[in-house]
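Naming: A, B, ... by sequence-line order, numbering from 1 per chain.
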Amino acid sequence: MTSDDPLLVVVAGPTAVGKTSFAIDLARRLSTEIISADSRQFYQEMKIGTAAPTTVELSQVKHHFVHQLSIGDSYNVSRFEEEVLGQLEKLFTTHRVVVMTGGSGLYINAVCHGIDLLPDPDPVIREALKDMLATSGIAALQQELRNVDPLYALQVDMANPARLMRALEVCRMTGVPYSSLRSNKPRKRPFRTVKLGLELPRELLYRNINHRVDAMMEAGLFEEALALYPNRHLNALNTVGYRELFDHFEGLVSLEFAVTKIKVNTRRYAKRQLTWFKKDREYLWFSPEDMSGVMALPELMELTAK
RNA sequence: GGCGUCGUAGCUCAGCUGGUAGAGCAGAGGACUGAAAAUCCUUGUGUCACUGGUUCAAUUCCAGUCGAUGCCA
């Protein structure tokens, strides 16, 4: 990698830390565009509850991968990786730097380092495994995994049905152990990467989250969720901010309780994001206020100097 | 003012007839390869309101003080 190679600046961090406005500010300073790496802002029907960039924000900087899907579309990390790499190739013909921002750590990793080539889920097999879990319990999944992929059985969290089902699904589809297809080797990318993590004191972050949820309700989250309620079983809608309201529509909980629950679950989501990003030692951490600190990074100084 | 009830973890509360305390929620930490805003794992010491008394021993019994609350006036 040389400084002639184009640069991807990743702006990550927990939800409600201020990634959107920071990334827009940064992209404008660098005269470039934004790739969104947010697995829920992909869906055009989910605007308020995902805190997607507003129309004003979208008009300030060209965004990619925002609202490009409909909730019924099936999508996954692998497709995201492929499509973003394609988009970056185009953008790098006219830009020396591109900003990617979002809170979906797995998706960011897929773009930066790649993921192994594994089969997409087969709906029939996945259904069969769900049935198996429902009727025979997790022990049955664990047993099958020990038989077909003893190596992975030792590595995986055996208490996590989602992990077990995915592994078994791949084993059944390919006929070989899931673990034999996992290399976890980083791919070479034709660009350099700088990873920025935005961070706020926990207390402040949680205050932001609570306020933002209230703001979402004022902005019409209730109505947005109600309109999507008939589609509540879609994966896209298995999302904080929507499923709590669905519980309310079902008559299970009061509206007040649902809103409180959204706040709690959003805080937990933020915590999980922090755990994910903190583990990756490549991240450089900044306050969302500290744009000058970010602009002083050598990789960015060099871009703006010319 | 009188009578009663209550005062235990950030919150809601359990603690039978005395042996220094435990649940849910919140919170904290972690995992993570096509569901990832998903999915899963781990994690509960606090002057038991305060001050005295009884007792080998008091969160638990007794008295008083303070606070909360209900009914009566």
Engineer: What orientation do A:Phe246 and A:Tyr229 show, parallel under 30°, tilted 30 to 60°, or perpendicular over 60°?
Structural biologist: tilted
Engineer: Look at all strands and tell whether A:Lys278 reaches a base, only sugar-phosphate, or nothing, counting heavy atoms closer than 4.0 Å.
Structural biologist: nothing
Engineer: Both A:Arg212 and A:Ser183 contact RNA chain B. Taking the nearest nucleotide for each, which residue is further toward the 5' end?
Structural biologist: A:Ser183
Engineer: Which sits closer to the 5' end of RNA chain B, A:Thr239 or A:Asp120, going by the nucleotide each is nearest to?
Structural biologist: A:Asp120
Engineer: State which of B:A31, B:U33, B:U39 makes the closest approach to the side chain of A:Thr275.
Structural biologist: B:A31
Engineer: With heavy atoms under 4.0 Å as the rule, sort A:Tyr242 into base, sugar-phosphate or nothing.
Structural biologist: nothing
Engineer: Between A:Tyr107 and B:A36, does any side-chain N or O lie under 4.0 Å from OP1 or OP2?
Structural biologist: yes
Engineer: What's the closest nucleotide to the side chain of A:Tyr206 if the choices are B:A28, B:A36, B:A31?
Structural biologist: B:A28
Engineer: Taking the six-membered ring where the residue is Trp, are the ring centres of A:Phe249 and A:Phe222 under 6.0 Å apart?
Structural biologist: yes
Engineer: Would you indicate whether A:Glu203, at its atom CD, is surrounded by more than 12 heavy atoms from other residues, nucleotides or ligands within a distance under 6.0 Å?
Structural biologist: no
Engineer: Counting only side-chain heavy atoms from C-beta out, which of B:C41, B:G34, B:A26 sits nearest to A:Lys261?
Structural biologist: B:A26
Engineer: Does any nucleotide pair with B:A36 by Watson-Crick or G-U wobble geometry, both distances under 3.5 Å, and what is it?
Structural biologist: none
Engineer: Can you figure out which of B:C40, B:A35, B:U33 approaches the side chain of A:Asn235 most closely?
Structural biologist: B:A35
Engineer: With no hydrogens and no angle check, do the side chains of A:Gln41 and A:His67 hold a donor and an acceptor under 3.5 Å apart?
Structural biologist: no
Engineer: Looking at the side chain of A:Arg202, which of B:U39, B:A31, B:G29 is the nearest nucleotide?
Structural biologist: B:G29
Engineer: Counting only side-chain nitrogens and oxygens, does A:Arg166 get under 4.0 Å of the OP1 or OP2 atom of B:G34?
Structural biologist: yes
Engineer: With syn defined as a glycosidic angle within 90° of 0 and anti as everything else, classify B:G44.
Structural biologist: anti
Engineer: Using a cut-off of strictly less than 4.0 Å, decide whether A:Arg267 has a side-chain nitrogen or oxygen near OP1 or OP2 of B:G27.
Structural biologist: yes
Engineer: When you look at NZ of A:Lys62, are more than 12 heavy atoms from neighbouring residues, nucleotides or ligands closer to it than 6.0 Å?
Structural biologist: no
Engineer: Select base, sugar-phosphate, or nothing to describe what A:Ser74 touches, counting heavy atoms under 4.0 Å on all strands.
Structural biologist: nothing
Engineer: Counting only side-chain nitrogens and oxygens, does A:Lys271 get under 4.0 Å of the OP1 or OP2 atom of B:G30?
Structural biologist: yes
Engineer: Determine the contact category for A:Leu117: base if any of its heavy atoms lies under 4.0 Å from a base atom, sugar-phosphate if only primed atoms, P, OP1 or OP2 are that close, otherwise nothing.
Structural biologist: base
Engineer: Taking the six-membered ring for Trp, are A:Phe80 and A:Phe42 closer than 6.0 Å centroid to centroid?
Structural biologist: yes
Engineer: Does OP1 or OP2 of B:A35 have a side-chain N or O of A:Arg126 closer than 4.0 Å?
Structural biologist: yes
Engineer: Which nucleotide sits closest to the side chain of A:Ala159: B:A35, B:G30, B:C41?
Structural biologist: B:C41
Engineer: Which part of the nucleic acid, if any, lies within reach of A:Arg163 when heavy atoms closer than 4.0 Å are counted: base, sugar-phosphate only, or nothing?
Structural biologist: base
Engineer: Any idea which of B:G27, B:G29, B:A36 is nearest the A:Arg268 side chain?
Structural biologist: B:G27
Engineer: For B:A73, which nucleotide is its Watson-Crick or G-U wobble mate, given both distances must be under 3.5 Å?
Structural biologist: none
